[in-house]
Amino acid sequence: MSVQSDFQEKVSACFRPWQRSFQFWVRAVDIYTGYKVFQLRVGFEKNAQKQEAMWERQHEVAAEKIYNMCSDLGGFFLKVAQLIGKPDLAPAAWVRRLVTLCDQAPATPYNVIRAVLEKELDQNLDELFESFDVDPLGSASIAQVHRARLKGDKKDVVVKVQHPGVQELMMTDIHNLQAFALYLQKIDIKFDIYSLTKEIEKQVHKISVYALFTLIIYCFSLARRRMGKKDMGRSSNTLSIKIGYEFNFLREADAMDRIRRFLYENNRKSPVMVPRVIRDIVTRRVLVMEYIDGTPILKLGDEMAKRGISPDGKIAAVARQNILKSLSLAYGQMILRSGFFHADPHPGNILICKGAEASMHLSFSSFNQVALLDYGQVKDLPKNLRLGYANLILAIADGDATRARESFKELGIGTLSKCEDEQKEMLKLARGMFDTKLPPGVKMLQPFSEESSVKKIAVEAFPEELFSILRTLQILRGLSVGLGISHSCAEQWRPIAEEALYNAGRVTDIDMKRSHRHRARRKSGK
């Protein structure tokens, strides 16, 4: 009977990619043709307000279809939902519908998880753990986590286990999205993604997932701006973020240790908590780490309400501000001092520690209140780009348009000006791409509006190594907006950037003193 079951499972595994591909293409074609047919229909309506109303209804229909596709296919497509649920990229109707899907990855049954654990650890689960929660704390597209306690230990741990077969299915999904993106390039848009698609064909340890997502989202966003009428320019470089760490927990454990050591050794108190890896219980598909008790940042408002704290009061405002400053400080240090950083600060990876919650009734000033989880996506930035980015941070913080333009050239960001006031728009573009603070009176950026700097200055080339910084900054900005805080990471990171350039010999003592005097005059209003 076991032989027959094993045979059936192998046959099923062979057909699963084909079945998954069929499901994707049926749904993707339906969504795409829906927009194309709608384009023809909306063209007969001359009233601008009615056109906008028609677009909104079309987006709502498409949002429901995208939601169903991502929910039914699960796994990798939950990452699609996570990324396109961003207000600065997708239509509002998509965001409203998809934001509820990000934390709904189906869990692998416990008996399967137990089998994976015992095979990976080569040990009976009952011999290793004093207790092991059957129900997972959470499940994501690649793995799920369980709370447990090791034998002879008094503290709980978290056991992260990779879903069986997830890597093979993810490659299937990537190839399907790759083909879909190439079709869009050929039919609807003028954007060179050939180098990107070649990058995707490389081994799964260097997948360009989020770059591909962003291009596809960009295409759909252009659809509502009447596709074909806008010149998007050309990109000569690939935009990639390497996420191979997500499939190899040995590498993720190394990344977690490296970042933890850097933050703890370079601060009296680390701005964020990083879980400690239990080194002798780590394999390619299993990762055991210390358990950190806390509240997910998305549920912080509910936790405050339980404690009788008004979400609109001063205590809550101070708490949110300290959370964001601590998180932002950690990223400034990782990116500008080390170059090796956690590249996925989405809300699901941010925990407000219980000890910090207790101080909410006071000032919430503890610098260890935030825990940063999940080190499956990290980036090691080359020194030249790290220093080039530090120079750009100074330009943004000081409002130096000339320095911003020079920094773009140093970083290899190729631009083509389409406006008269190029320097002003270049600075606006730099702030929009690499800072978290929104302009006064602006609640969200509209990168596809006619007044957007992206429209006035075309980005023709963008180094793939910078994509992870760009994405990290966009997520931090979304978090800032979600917390209701206007925060400039460039202003906070300025001293760190200046220090990095000073240590590299690119800034002198005289430059530092002149800069400090200039900033002092700006603060005093002179």
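The CD1 atom of Ile335 sits 11.5 Å away from the NE2 atom of His342 when rounded to the nearest 0.5 Å. Going from atom CG of Asn322 over to atom OG of Ser326 covers 6.0 Å, rounded to the nearest 0.5 Å. Interatomic distance, Lys155 NZ to Ile278 CD1, rounded to the nearest 0.5 Å: 9.5 Å. Atom CZ of Phe341 is separated from atom CD1 of Ile259 by 9.0 Å, given to the nearest 0.5 angstrom. The CZ atom of Arg284 sits 8.5 Å away from atom CG of Leu250, with the distance rounded to the nearest 0.5 Å. One finds the CG atom of Asn248 at 8.5 Å from the CD atom of Gln162 (value rounded to the nearest 0.5 Å).
Between Arg276 and Asp257 there is no salt bridge, since no side-chain N of the basic residue sits under 4.0 Å from a carboxylate O of the acidic one. Under the 4.0 Å criterion applied to side-chain N and carboxylate O atoms, Glu491 and Arg494 are not assigned as salt-bridge partners. One finds no salt bridge joining Arg386 and Asp380 here, because no Lys/Arg side-chain nitrogen approaches an Asp/Glu carboxylate oxygen to under 4.0 Å. Using a cutoff of 4.0 Å between basic side-chain nitrogens and carboxylate oxygens, Glu303 and Arg307 are scored as salt-bridged. Between Arg506 and Glu499 there is no salt bridge, since no side-chain nitrogen of the basic residue lies less than 4.0 Å from a carboxylate oxygen of the acidic one. Under a 4.0 Å N-O distance rule, the pair Arg260/Glu290 qualifies as a salt bridge.
Side-chain contact check for Val272 versus Tyr331: every heavy-atom pair is 4.5 Å or farther apart. Using a 4.5 Å heavy-atom cutoff, the side chains of Ile297 and Leu351 are not in contact. With contacts defined as side-chain heavy-atom distances shorter than 4.5 Å, the pair Ile413/Thr415 qualifies. You'll find the side chain of Pro347 reaches within 4.5 Å of the side chain of Leu298, heavy atoms only. Contact of the Val370 side chain with the Pro271 side chain is not registered, since no non-hydrogen atoms from C-beta on lie closer than 4.5 Å. Looking at Leu117 and Phe132, their side chains come closer than 4.5 Å, going by heavy atoms from C-beta outward. Tyr110 is not listed as a side-chain neighbour of Pro136, based on a closest heavy-atom distance of 4.5 Å or more. Side-chain atoms of Arg285 and Pro164, non-hydrogen and from C-beta on, do get closer than 4.5 Å to each other.
For Lys151, the NZ atom counts as densely surrounded, since its 6.0 Å shell holds more than 12 non-hydrogen atoms of other residues, nucleotides or ligands. Around OH of Tyr291, the count of heavy atoms belonging to other residues, nucleotides or ligands within 6.0 Å exceeds 12.
In terms of modelled atom types and a separation under 3.5 Å, the side chain of Gln423 and the main chain of Asp400 share no donor-acceptor contact. A donor-acceptor pair under 3.5 Å is absent between the side-chain atoms of Arg337 and the main chain of Ile496, judged by distance alone. With hydrogens and angles disregarded, no donor-acceptor distance shorter than 3.5 Å links the side chain of His487 to the backbone of Ser480. No donor-acceptor pair closer than 3.5 Å links the side chain of Thr283 to the backbone N or O of Glu120. The backbone N or O of Ile113 sits nowhere less than 3.5 Å from a side-chain atom of Thr108 that would complete a donor-acceptor pair. Listed for the Gln492 side chain is a donor-acceptor partner under 3.5 Å among the backbone atoms of Lys325. The backbone N or O of Leu394 lies less than 3.5 Å from no partner atom in the side chain of Trp493, so there is not a single donor-acceptor pair. No side-chain donor-acceptor contact under 3.5 Å links Ser270 to the backbone of Met273. Not a single donor-acceptor pair under 3.5 Å links the side chain of Arg149 to the backbone N or O of Glu130. Judged by distance alone, the side chain of Asp293 and the main-chain N or O of Cys353 form no donor-acceptor pair under 3.5 Å.
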For this session: List the steps, then state whether side chain to side chain contact (heavy atoms under 4.5 Å, CB included) holds for Leu483 with Leu479.
Result: CA-CA 6 Å; Leu483 291 173; Leu479 185 62; 4.2 Å; yes
Problem set entry | Arg147/Asp156 under salt bridge (charged side-chain N to carboxylate O under 4.0 Å, His left out): CA gap, chis, key distance, verdict | CA-CA 7 Å; Arg147 187 173 181 175; Asp156 287 351; 2.8 Å; yes
Problem set entry | Verdict with supporting geometry, Lys437 and Arg431, side chain to side chain contact (heavy atoms under 4.5 Å, CB included) | CA-CA 8 Å; Lys437 188 174 184 177; Arg431 284 174 170 160; over 6 Å; no
Exercise. Could you walk me through whether Phe340 and Leu381 pass the side chain to side chain contact (heavy atoms under 4.5 Å, CB included) check?
Worked result: CA-CA 6 Å; Phe340 188 79; Leu381 201 63; over 6 Å; no
For this session: Run the numbers on Ile469 and Leu466 for side chain to side chain contact (heavy atoms under 4.5 Å, CB included), then give the verdict.
Result: CA-CA 5 Å; Ile469 292 182; Leu466 290 180; 4.1 Å; yes
Problem set entry | Verdict with supporting geometry, Arg471 and Glu465, salt bridge (charged side-chain N to carboxylate O under 4.0 Å, His left out) | CA-CA 11 Å; Arg471 178 176 179 270; Glu465 290 89 350; over 6 Å; no
Exercise. Given the rule in the salt bridge (charged side-chain N to carboxylate O under 4.0 Å, His left out) test, do Lys409 and Glu406 qualify, once you have shown the distances and angles that lead to the verdict?
Worked result: CA-CA 5 Å; Lys409 290 181 180 178; Glu406 292 171 353; over 6 Å; no
For this session: Assess whether side-chain hydrogen bond (donor to acceptor under 3.5 Å, both in side chains) is satisfied between Asn267 and Gln333, documenting all intermediate values.
Result: CA-CA 10 Å; Asn267 295 278; Gln333 292 181 355; 2.8 Å; yes
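Here the closest non-hydrogen pair linking Leu473 and Phe434 is CD1-O, 3.7 Å. Nearest heavy atom pair, residue Arg477 against residue Asp435, reads NH2-O, 2.6 Å. Summarising the geometry of Ala430 relative to Ala404, their closest heavy-atom pair is CB-CB, 4.5 Å, with the distance given to 0.1 Å. The two residues Ile393 and Ala490 come nearest to each other via the heavy atoms CG2-O, 3.6 Å. Closest approach of Ala255 and Val378 over heavy atoms only: CB-CG1, 3.9 Å. Of all the heavy atoms in His163 and Ala140, the pair that sits closest is NE2-O, 3.0 Å.
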